[in-house]
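Scope of the values below: all heavy atoms of this structure, side chains included, with no hydrogens, waters or symmetry mates.
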Amino acid sequence: CESERVRERAGSRMHSAVLTVVAVAAVLACVARADYSDPVVVNIDSQGFTTPLPHFWKRCVGSGHTLLGTRVDWRAHLQRARDELGFEGIRMHGIFDDDMSVAPDVDPNTWSFYNVDLVYDFIVQLGMKPIVELSFMPKALANCTNDCPYAFDNHAAYKGIVYPPRDYNQWYDLVRATVQHFVDRYGLGEVASWHFEVWNELWGVDYPHDYIPLYNASARAIKDVHSSLKVGGPATMQLQYLQDFITDTKTMNLPVDFVSSHLYPTDPQCVTEAPGKDDQDCFAHHVQAARDLSAAAGLPFFLTEYNDGLEDGYHRDRAYGASFVIRNVGLLDKVDLFSWWTFTDVFEEQWLTGVPFQNGFGLLTTQGVAKPVYRAFQLLHGAGDQRLQADVRDPMGQPSNISVMATQKSGTTTKTNDLQLFIANFSPEDQVTGHPVAPVTRTITLTVANMPPFAEAVMTRIDDTFTNPEQLWASWGSPRYLTASQIEILNAASKPQSQPVSLDSNGTLTFTVPAYGVVHLHFFE
């Protein structure tokens, strides 16, 4: 509404309060006449100022509990996630679960790391750096008898006891023996590049009465092996107790190398509590605040669990998850580590039934079919290490459903500077915000300054039309068991569609992005 702006010369003779009323009225009039069919205008200068973009989203990815690492399908999926998505690390529950047979008795002479080695040998061979979650409690050490509480009520053979130890000295001995075994097997230099995280989401333990003694014993055990080894916590859900943990460990002079926690956009901060329930980007804002809190204490912040939400439906099997990732990676470029939960539906917390599409947490289905969110991470794997400013102007107001992250690779000397744009049309759905507003298809008018005339690019799309294997599976009647040929067809349906495009003589390109869609533009010479 450029022509509707309040004229400064007329306003200079008016009282400031009247100015405010007129200005607000003008803005409201603009918005009232705006329509979703009006284009979102995006301006980028390909030779503009850049800032570093570390690939924090690739530093780690989550899995179920450790025993899964002995499965052939789990291993194939992890190797694929490393090769195609660039994931550098992995975090798993339950290294001490009784199904790992680590501590059948309190006597250290009975302890065995055979099954641990089966899993960690494979991870090390892949060149990945684990975040070793120290959980859960072996029954022999737990401060309970026959009624020990198991995670998920022990279904699907999940043998994780969520209870404090009977004797913290025994827990210290177990942690120290485990860490020393790692150092003996893989070398100090290798293990010093890992991170050890104490427990998970306070399952079965209170903060601070149970957790701080547990952390103290764990941290001492790790540092007593070698001071260069890294330990952190509190690994809470919903970003709980972060300041308490920082303060308590500092007061008690306990070693801390990083602060960690979890957040999902379906957590209360963003659904039922003000002001988050009214904030479209509540998830990112809370994560950034946690990072700032940790940085103020001189510590890195690791979000060791997140995904696009725990609500019902098929959102994780559709483009919704892809657009969530693209938008939030663009908002969180100062977070130290950002670990999606999980890389595969070979995962047993909700029973390992093998149903091909079940809104599971994985990037890959149990059969290895890539979901749209997998394809989003695949695009991000090739992103540049420098970020350009993108000016997004939406006639419907801010914040816009349209987000744009522009990247370049440092040291590039081509005329296009390897410019890439990651564009998402995202807004939180019901159960993820207090005021869900479903996005609609938007038209984007992109102008890139300082580019060669008619510069060419490859446009790749992820959306519920072009990248939707779940819909194809549903059209078959949602079969529970798939043949090899059906899996091959679904994998083909999961591949994003690409096409050549080019800027016009003015450096402009117009295109549409459907609801929950992702568009990737990669300019080349």
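For the ring-ring contact (aromatic ring centres under 6.0 Å, His included) with F324, the qualifying choice from Y516, F426, Y264 is F426, the only one to do so. F338 pairs in a ring-ring contact (aromatic ring centres under 6.0 Å, His included) with only one of the listed residues (F87, F56, W57), which is F56.
Classified by interplanar angle (parallel below 30°, tilted 30° to 60°, perpendicular above 60°), the ring pair Y241/Y207 is parallel. Ring orientation note: the planes of F96 and W171 are nearly perpendicular, at an angle over 60° on the 30°/60° scale.
Between D308 and R316, some side-chain heavy-atom pair lies under the 4.5 Å cut-off. Inter-residue side-chain proximity for V119 and T70 is flagged as met; some heavy-atom pair is nearer than 4.5 Å. Between F283 and L331, every side-chain heavy-atom pair lies at or beyond the 4.5 Å cut-off. Side-chain atoms of L141 and V106, non-hydrogen and from C-beta on, do get closer than 4.5 Å to each other. Using a 4.5 Å heavy-atom cutoff, the side chains of D464 and Q471 are not in contact. Looking at H226 and V191, their side chains never come closer than 4.5 Å, going by heavy atoms from C-beta outward.
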Problem - Verdict with reasoning, L118 to N115, per side chain to side chain contact (heavy atoms under 4.5 Å, CB included) - result: CA-CA 5 Å; L118 287 177; N115 289 311; 3.8 Å; yes
Problem - Test log, rule side chain to side chain contact (heavy atoms under 4.5 Å, CB included), inputs I246 and L293 - result: CA-CA 9 Å; I246 291 169; L293 185 150; 3.1 Å; yes
Handout entry: Stepwise side chain to side chain contact (heavy atoms under 4.5 Å, CB included) check, M92 with I123
Key = CA-CA 11 Å; M92 305 169 286; I123 293 169; 3.6 Å; yes
Exercise for the section: Go through H55 and L380 one step at a time and tell me if the side chain to side chain contact (heavy atoms under 4.5 Å, CB included) criterion holds. Expected result: CA-CA 9 Å; H55 288 200; L380 285 169; over 6 Å; no
Practice task
For the pair D281 and R327, evaluate salt bridge (charged side-chain N to carboxylate O under 4.0 Å, His left out) and give the outcome as yes or no after the intermediate values.
Solution key: CA-CA 9 Å; D281 292 313; R327 183 179 184 92; 2.8 Å; yes
Practice task
Check step by step if ring pair (Phe, Tyr, Trp, His ring centres under 6.0 Å) holds for Y215 and F245.
Solution key: CA-CA 10 Å; Y215 182 85; F245 175 75; 5.1 Å; yes
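No side-chain N or O of N216 forms a donor-acceptor pair with one of Y168 less than 3.5 Å apart. There is a side-chain donor-acceptor pair under 3.5 Å between S261 and T236. H77 and D345 are not linked by any side-chain donor-acceptor pair at a separation below 3.5 angstrom, with hydrogens and angles left out of the test. Checked by atom type, the side-chain pair D121/Q125 shows no donor-acceptor distance below 3.5 Å. For the residue pair Y306 and N328, no side-chain donor N or O sits within less than 3.5 Å of a side-chain acceptor on the partner. Between the side chains of Q420 and H520, at least one donor N or O sits under 3.5 Å from an acceptor N or O.
For T366, there are no side chain to side chain donor-acceptor pair (under 3.5 Å) partners, not counting sequence neighbours. Not a single side chain to side chain donor-acceptor pair (under 3.5 Å) links R59 to another residue, sequence neighbours left out. Judged as a disulfide (SG to SG under 2.5 Å), and not counting sequence neighbours, the contacts of C282 are C270. Residues forming a ring pair (Phe, Tyr, Trp, His ring centres under 6.0 Å) with H262 (at least two apart in sequence, or on another chain): none. The salt bridge (Lys or Arg N to Asp or Glu O under 4.0 Å) search around R71 returns D73, not counting sequence neighbours. Take F301 and apply the ring pair (Phe, Tyr, Trp, His ring centres under 6.0 Å) test, not counting sequence neighbours, and it matches no residue. H93 is linked by a ring pair (Phe, Tyr, Trp, His ring centres under 6.0 Å) to F136, W203, W341, counting only residues two or more places apart in sequence or in another chain. Residues satisfying the side chain to side chain donor-acceptor pair (under 3.5 Å) test with N109, not counting sequence neighbours, are D107.
Within the 3.5 Å criterion, the main-chain N or O of E348 finds no donor-acceptor partner in the side chain of H65. Side chain of R82 to backbone of L126: a donor-acceptor contact under 3.5 angstrom is found. Between the N425 side chain and the P514 main chain, a donor and an acceptor come within less than 3.5 Å of each other. Panel note: side chain S294, backbone P300; no donor-acceptor pair is recorded below 3.5 Å. Between the side chain of K371 and the backbone N or O of G362 there is at least one donor-acceptor pair closer than 3.5 Å. A donor-acceptor pair under 3.5 Å is formed between the side chain of T407 and the backbone N or O of G384. A distance-only check finds a donor-acceptor pair linking the side chain of W111 to the backbone of D105 [under 3.5 Å]. R461 places no side-chain N or O within donor-acceptor distance of the main-chain N or O of Q497, the cut-off being under 3.5 Å. For D385 (side chain) and S410 (main-chain N/O), a donor-acceptor pair under 3.5 Å exists by modelled atom type. A donor-acceptor pair under 3.5 Å links the side-chain atoms of D317 to the main chain of N359, judged by distance alone.
Evaluation of the salt bridge (Lys or Arg N to Asp or Glu O under 4.0 Å) test over residues 124-140, restricted to residues two or more places apart or in two chains, returns R91-E133, K129-E190. The disulfide (SG to SG under 2.5 Å) pairs that include a residue from residues 166-200 number zero, where partners must be two or more places apart or lie in different chains. For the salt bridge (Lys or Arg N to Asp or Glu O under 4.0 Å) condition, the pairs that include at least one residue of residues 257-267, sequence neighbours left out, are K223-D257. Among pairs with a residue in residues 467-491, those fulfilling salt bridge (Lys or Arg N to Asp or Glu O under 4.0 Å) read R318-E470, at least two apart in sequence or across chains.
In E88, the CD atom is crowded: over 12 heavy atoms of neighbouring residues, nucleotides or ligands sit closer than 6.0 Å.
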